[in-house]
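Taking it in order: structure first as structure tokens, then the write-up.
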Amino acid sequence: MDYLKNEEKWRKEWEKQHLGHFDRSKADSKYYVLEMFSYPSGFNLHMGHWYNYAPSDTFARFKKMQGYNVFQPMGFDSFGLPAENHAIKTGIHPKVNTNKNIAFMEKQLKTLGAMYDWEAEVITSDPSYYRWTQWLFCELYKKGLAYQKQAPVNWCTSCNTVIANEQVVDGRCERCKSEVVRKNLVQWFFKITDYAEELLWCLDVLDWPEKTKTMQRNWIGRSEGSEIVFEITGETRLKNKKPLENEKITVFTTRADTLFGTSYVVLAPEHPLVDKITSPVQKTVVEEYKYAASKLSDIERTGDKGDKTGVFTGAYCTHPLTKEKLPVWIADYCLALYGTGAVMGVPAHDTRDFDFAKKYGLPIVRVIKTDKNDVDDSLPFIGRGVLTNSGIYDGIDNETAKKQITAGFEKKGAGRLKTTYKLRDWSVSRQRYWGCPIPIVYCGHCGAVPVPYEQLPVLLPDGVNFTPDGKSPLSKCEEYINTTCPVCGKAAKRDADTLDTFVCSSWYFLRYPDAQNTSKAFNSEIINKMLPVDKYVGGPEHACMHLLYARFMTKALRDMGYLSFDEPFKSLIHQGMILGEGGEKMSKSNNNVVNPDAFTKEYGSDVLRLFLMFGFSYIEGGPWSDTGIKASAKFLERVERILDTALAGRNVKSGSAQENGRGPTDGKKTENDDNELNYALHYAIKNVTKDLEDFSFNTAIARIMELVGAMYKHSQPDNRLYRCGMTLIKLIAPFVPHFAEEMNVIYGGKSSIFNEKYPVFDPAALIKQKIEIAVQVNSKIRCRIDVEPGLTDDAVTSAALTDENVKKVLAGLTVNKVIVVRDKLVNFIV
RNA sequence: GCCCGAGUGGCGGAAUGGCAGACGCAAAGGACUUAAAAUCCUUCGGAGGCAACUCCGUGCCGGUUCGAGUCCGGCCUCGGGCACCA
């Protein structure tokens, strides 16, 4: 078969038949298969995309053959930083370049031969889409889930612009190598933390990889602890020569039981109290320290690379129980964004505090001792135990003490039990051009006003100078930025920032089923039928951010009354990553991006698809190597040959070998052949079906290979082989769709084969007369015996004992115990 | 540093706590062919043995178990994520 010609033929035919078209009238039997859409970057569709999309399409076709009305859409996440950087470098407008890339990738995707419903295509940078992203923003704003606050950005001191984390290399700007500092700007946030609790507990019911759920749980990072108030002492006020009325530091701790061991208090360098309480003497060093800390990322700050550092503010606070005077320090290991941005330093029972106290000579007081008899006096001591040096709490076990100590404060208003989360609100403002404009107008009289829906979309203007020079690109576009207030009509200014591209991708799965809707983001009635997504396929790198944002958005829209389901993705699969040949990530800078086009041109897309599924463990991925692709091509040719042979047997009665002048003359042998072929066929059907459900494509193909091998072993081309061939074509169809479609026609079938039913195995065909079980003596295999399947433990044991080999092995030994694993093994313990 | 994974023949990879290495690649031998390619058949973790068979073997060290690639504890190496790459 000429694969390339054949593939072109069927792609056209499928388009004619609207094979990928989703029939909305049959939403009851819908199956929504979704692959993460791709970013239309400069190097187009690479092998990694193919690896995501081709096997997923195999799964979708399998589901279609199981009778589901499959919906499989495709689109592009087309706003983003790389397009803008490319534009800065080349002068080509991001819109031009992005649209060019999309057109090319669409063509490549069509070569893949996937069953996409192109009528549902979504392109996030298209006004017909981002209009509704803006609508979503306004809805969140009205619901109180979007708000503004000061937050740090990476600021390149030389380019005079905000740069992304990715562009910061070793604390310096990747472009100009100058120093990067953190600078506060007013930015928009989504209140994802309002949903922290639900995002956490809903994970339990999702059919997602356990590791992904664990990662999200840790990312949300719920921890139950206490907030405890330390008051700034009067002396501090005196030193500052300013009245500091009732200044207090609220610390968050999960170890209230160690309160008596507190020897100092630490504020994050960015803590608002720092400037107020720093004594004049310490001002210079505190300012210097704050500046140094602003240059470090959170990872560098909390990392264990260097020493713990910090400086004394000159201020003191009072221990809430002992009334001791404790110094207040600032240290970068305390993060402003977690807890209250302040911690109590308990060197004896925390490793970081211990390092810090040792370095700066702060007192270390042990307040928990081990409750075991063996004396462990090494510090820091992190384990459980009972309190000591803790006044009235001495002798209480530390878990009880946590509650008791906090409860003591609760009455006085000086502390309380508090649940905190590592999860932070989602920062969505970007000081960039190529993104969705934020639909907010600032009016001198009315404040921040969302743009009315009838005025959406707020179009991203074309003629903008987006070379970095210290300002958000849109703020330099006069005709964009200057507008009138939608409420009072007076002159006003638009928000000059654009939205994080994760906002665009946090709801695209809701747009697909109603992508052409021009009056709404989506029709709730349709969406409530079409979602949740039945199978979502994409890379594990999105475990925490994209997947969490999409879940948040779904819950927020539900609470606004637009959706009636709680979770967007019922079932999730991560494909592994296809690495470069050397085992490193495929990227332009590594110069190891593998383009699938050369392979589709040489072997055809079916062969490439088959190879990707057979050569890798789908969820593991691995380094690319083309050594196996030839084997996949050979296998497909082998399939074609046996199908040709089988077709010749169409009218040859099974067992009538002699008429044909070949094959065995013994009629019995033919019958046995038939049974063996039948067994192989149903064994394959059973396992391929199961493996496809599990996205275990490599083992599914292995079972098909075994079936093909069994067909070659079959004595002659007869009707039995012919019928086996017919089933094989259906079995293999999702894996090599173009090929199977053609073979089906050759076999007299009607196109499309994907409207046919996937084969179902017959359990009766899988009943074996004899099975082999292993006989172990002291857990070492000594021999194997054949027995009937399903024997009782006693029957298997006595069958084993009558075997000559077993007798030999057990001769002269006393059997103490016999362990039988049904249909697997017998183990004699002697 | 923190969170999450992974480590099995020369290679890609299989194995609900129960016969490690399915299936395939590469390699070797054979058949067919004038020859090559293609195809078909056979062998293929290591060591020993004529053989039956024996011993060793799933990154390292220890543990649980009649039995561990699989479970537990401690390491080592690699990969992903760490909130402005998407």
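The figures here come from the full heavy-atom set of this structure, side chains too, leaving out hydrogens, waters and symmetry mates.
Of the C1' atoms belonging to B/rC25 and B/rC85, the separation is 36 Å, rounded to the nearest Å. Comparing the C1' positions of B/rG48 and B/rA38 gives an interatomic distance of 40 Å, to the nearest angstrom. Comparing B/rU8 with B/rA22, their C1' atoms sit 13 Å apart, to the nearest whole Å. Comparing the same atom, P, in B/rC75 and in B/rG1 gives a spacing of 12 Å after rounding to whole Å. Using P as the reference atom, B/rA36 and B/rG45 are 28 Å apart when rounded to the nearest Å. As rounded to the nearest Å, B/rG9 and B/rG46 have P atoms that lie 12 Å from one another. Across the P atoms, B/rC44 and B/rG10 are found 15 Å apart, a figure rounded to whole Å. Rounded to whole Å, the C1' atom of B/rC78 lies 34 Å from the corresponding atom of B/rA28.
Across all strands shown, A/Ala631 has heavy atoms under 4.0 Å from sugar-phosphate atoms exclusively, and none from any base. If you check every strand for non-hydrogen atoms under 4.0 Å, A/Arg182 touches nothing.
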Determine, for nucleotides 80-86 of chain B in 5'-to-3' order, which nucleotides have protein heavy atoms under 4.0 Å from the base (write B), from only the sugar-phosphate (write S), or from neither (write -). BSBBBBB

For each nucleotide in nucleotides 37-47 of chain B, reading 5' to 3', give B when a protein heavy atom comes within less than 4.0 Å of its base, S when such contact involves only the sugar-phosphate, and - otherwise. --SS-------

At under 4.0 Å between heavy atoms, which parts of nucleotides 68-75 of chain B does protein reach? Answer with one letter per nucleotide, 5' to 3': B base, S sugar-phosphate only, - none. --------

Along nucleotides 7-18 of chain B, 5' to 3', which nucleotides get a B, which get an S, and which get a -, given that the test is a protein heavy-atom distance under 4.0 Å? -----BSS-B-B

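We find the CG-NE2 distance between A/Asn52 and A/His574 to be 11.5 Å, quoted to the nearest 0.5 Å.
With 3.5 Å as the limit, one finds a donor-acceptor pair spanning the side chains of A/Tyr333 and A/Asp353. At a cut-off of 3.5 Å, with distance as the only test, a side-chain donor of A/Thr133 or A/Trp507 sits close to an acceptor on the other residue. Judged purely by distance below 3.5 Å, without hydrogens or angles, the side chains of A/Thr58 and A/Arg609 pair a donor atom with an acceptor atom. With hydrogens and angles left out, the side-chain atoms of A/Asp500 and A/Tyr549 include no donor and acceptor closer than 3.5 Å.
Crowding of A/Lys630 atom NZ: a count of heavy atoms from other residues, nucleotides or ligands under 6.0 Å not exceeding 12.
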Intra- and inter-strand pairing of RNA chain B, written as dot-bracket with Watson-Crick and G-U pairs under 3.5 Å and | for the latter, reads (((((((..(((.....[....))).(((((.......))))).((((....))))..(((((..]....))))))))))))....

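Between A/Glu210 and A/Lys213 there is a salt bridge, with a side-chain nitrogen of the basic residue lying less than 4.0 Å from a carboxylate oxygen of the acidic one. Ion pairing between a basic and an acidic side chain is recognised when a charged N comes within 4.0 Å of a carboxylate O; A/Glu693 and A/Lys690 show no such pairing.
The distance from atom CD1 of A/Ile220 to atom C1' of B/rC2 is 17 Å, rounded to the nearest whole Å. We find that CG of A/Asn778 is positioned 12 Å from P of B/rC55, with the value rounded to whole Å. We find that CZ of A/Arg784 is positioned 12 Å from C1' of B/rC53, with the value rounded to whole Å. Per the geometry, NZ belonging to A/Lys308 stands 11 Å off P belonging to B/rG1, to the nearest Å. As rounded to whole Å, 17 Å separates atom C1' of B/rC2 from atom NZ of A/Lys211. Taking atom CD1 on A/Ile785 and atom P on B/rC19, their separation rounds to 15 Å, with Å as the unit.
In this view, A/Arg641 satisfies the salt bridge (charged side-chain N to carboxylate O under 4.0 Å, His left out) rule with no residue, not counting sequence neighbours.
When the options A/Trp624, A/Tyr51, A/Tyr603 are evaluated for a ring pair (Phe, Tyr, Trp, His ring centres under 6.0 Å) with A/Phe611, the one that passes is A/Trp624.
Remark: the backbone N or O of A/Val607 is not paired with any side-chain donor or acceptor of A/Ser632 at under 3.5 angstrom. Side-chain atoms of A/His542 never come within 3.5 Å of backbone atoms of A/Gly539 as a donor-acceptor pair (strictly under, hydrogens ignored). Judged by distance alone, the side chain of A/Asp170 and the main-chain N or O of A/Arg172 form no donor-acceptor pair under 3.5 Å.
Relative orientation of the A/Tyr195 and A/Phe552 rings is perpendicular, given thresholds of 30° and 60° on the angle between their planes.
In this structure the side chain of A/Trp155 reaches within 4.5 angstrom of the side chain of A/Asn160, judged on heavy atoms.
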